[in-house]
Amino acid sequence: MSEASHKPNDPDRLKAGGVSNGTAVNFRGGGFAPKPRRWVGFVVFAGLIAIAEWGTRSGWISALTLPRPSDVLDTFKQLYSSGLLFKHLVPSLSRLAVGAAAGVTAGVIVGVLIGLFSYFRAGLVPLVAAIFPIPKIALLPLFVIWFGIDEGSKYALIAFGTFTPTVVATYGAVDNVDRTLIRMGQSFGLSWFSIVRKIVLPGAMPGILSGLRISLAIAIILLVAAEMLGAEYGIGAYILEAGSLYDLERLFAGVVILSVLGVVVSAVIGAIERYLLGWRN
Amino acid sequence: MDIRLESISHHYDDFEVMRDITLDIADGQIVCIVGPSGCGKSTLLRFIGGLERPTSGRVLQLGEPPADCLNPLTYIFQDFALLPWRTVAGNVSLVLEDHGISGAEAKAIINDVLDRTRLTDFASALPKQLSGGMKQRVAIARALAVKPAVMLMDEPLSALDSQTRELLMDDLVDLWTRQPFTAVYVTHNLAEAVRLGHSIVVLSRRPGTIREIVHLDKPLADRHFGDADLDERQKYLWQLMRDEARAADAELIHV
């Protein structure tokens, strides 16, 4: 240590470049903070499709292993121009809408009841835990007997499948509502119903909506399963038919529709979140 | 309307929290309750507002609250307790809706209380956009909206930094000077107690009992930051509490 170190901010020393003798402190912060990179997702998709296209054209992927993406696109165009696309899509979407709406509504109601009342919690939580792990597809024959071979059993299967995850997400979300807000409501003499409507439900909404993402993905899976078992029209029926004929182009066209459906549902929930949960960030 | 606490005792299972607390809270006065941590001062406040029940003893309202009073016993919480999904005006309107006040009447009340807390320009802001001090002012505006007979303030300034705390103390003194209100003010900060309290109740450590009640006669408006006589009272309070606070600090937390 030189004499100068006793006067740490001596301007002459700073000007003389006394500082530059030291080594720079290594930067070791940063990271652990994902940032939005919109285009990367598209690049990954496009890259995979390009590899498949190149592979099938050059021959190192045989036509039996993977259909050529451009052929899948042609099949899709045919499907659209023949009007068959909407003939399959409309019944599927209506089954999805009715089934998921019924399951989610019942799930939210039961979840809120479990969240608010000790007896509902004690009685229903074990029941939900018992139902949750049952593969709902295994129950399809039972639903056919109960609700008939046509739409009823499909609605029931989708509703049942979306019900349990919605219940679990909802009561978890109600449990997580800030108790001090509820105390505040009580201290201002708000009625029980007002507290539930104006404090508990909005407070639980983030958890309910993230549960909805999972429930609706399950709904799409169950939709296809239900349609595979007995439906003339529907994306599931279309995929099943293509699969039994080993028509890979049509099989993939059907799978692409499902993927797009998943992305659309996810985007819709994202939009609902932005609208309802704008107060968060 | 006065409040009287009659020999309040409380215990959880065999764990005694407070013993035989009798206290009168006079109309138009601010009573500060100070004490070492764990002496049950916040619990006492919850008894007064009816959010919890003591094991024995009673909390009495003496006289009727004023006719226009919507919620006689109104809290202001340490963590503000604002609904994050409602705007400033919406948070105030929340406590009016259940009393059937809406439309122009609600608007008039909201405008009035936001004006008194100098928040008029922020009526449509969300809580996340506000600083801590502003959030607490919203909570104060919300409390004023229901025209309380007694304000129950649970460490209202403890979540704020010391500069904001000074500013808000001035605000509270202004509000009181313009229109005296009754308040029970729980705090662990003795500086707040000597600035805002007409009387200061010193609780002992657990089980909490009233150790001493200190009265301050100096008008609130004349009390300022760093006044020598207030410092003297603050030192006196600290002398009373010091050993107890140290003993309380060394205790295991009971959960």
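Letters A, B, ... are given to chains in the order of the sequence lines, protein chains preceding strands, and every chain is numbered from 1. Keep in mind it's a predicted model, so treat the numbers as computed, not measured.
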Quiz item: Rounded to the nearest 0.5 Å, how far does NZ of A/Lys198 lie from CG of B/Asp98?
Solution: 4.5 Å

Self-check item: Contact check, side chains of B/Arg46 and A/Arg183, non-hydrogen atoms, under 4.5 Å
Solution: no

Self-check item: Nearest atoms (heavy-atom pairs only) where B/Tyr75 meets A/Ser187
Solution: CD1-CB, 3.4 Å

Exercise. Determine whether more than 12 heavy atoms belonging to other residues, nucleotides or ligands lie under 6.0 Å from atom CZ of A/Phe45.
Key: no

Practice problem: To the nearest 0.5 angstrom, please state how far the CE atom of A/Met184 sits from the CZ atom of B/Phe80. | Solution: 13.5 Å

Quiz item: Is atom NZ of B/Lys128 surrounded by more than 12 heavy atoms (other residues, nucleotides or ligands) closer than 6.0 Å?
Solution: yes

Practice problem: Could you look at A/Leu276 and say if it's the side chain, the backbone, both or neither that has a heavy atom under 4.5 Å from chain B? | Solution: neither

Practice problem: Calculate, to the nearest 0.5 Å, the distance between atoms CG and CG belonging to A/Leu190 and B/Leu94 respectively. | Solution: 5.0 Å

Practice problem: Answer with side chain, backbone, both or neither: which region of B/Leu73 has an atom nearer than 4.5 Å to a non-hydrogen atom of chain A? | Solution: backbone

Quiz item: Is there side-chain contact between A/Thr180 and B/Phe77, with at least one heavy-atom pair below 4.5 Å?
Solution: no

Exercise. Look up atom CG in B/Asp79 and atom CG in A/Leu181, then write down how far apart they are to the nearest 0.5 Å.
Key: 8.0 Å

Quiz prompt | Top contributor to chain B contacts, counting heavy-atom pairs under 4.5 Å, from A/Pro202, A/Gly203, A/Gly189 | solution = A/Pro202

Practice problem: Rounded to the nearest 0.5 Å, what's the gap from CD on B/Glu97 to CZ on A/Phe188? Could you check? | Solution: 13.0 Å

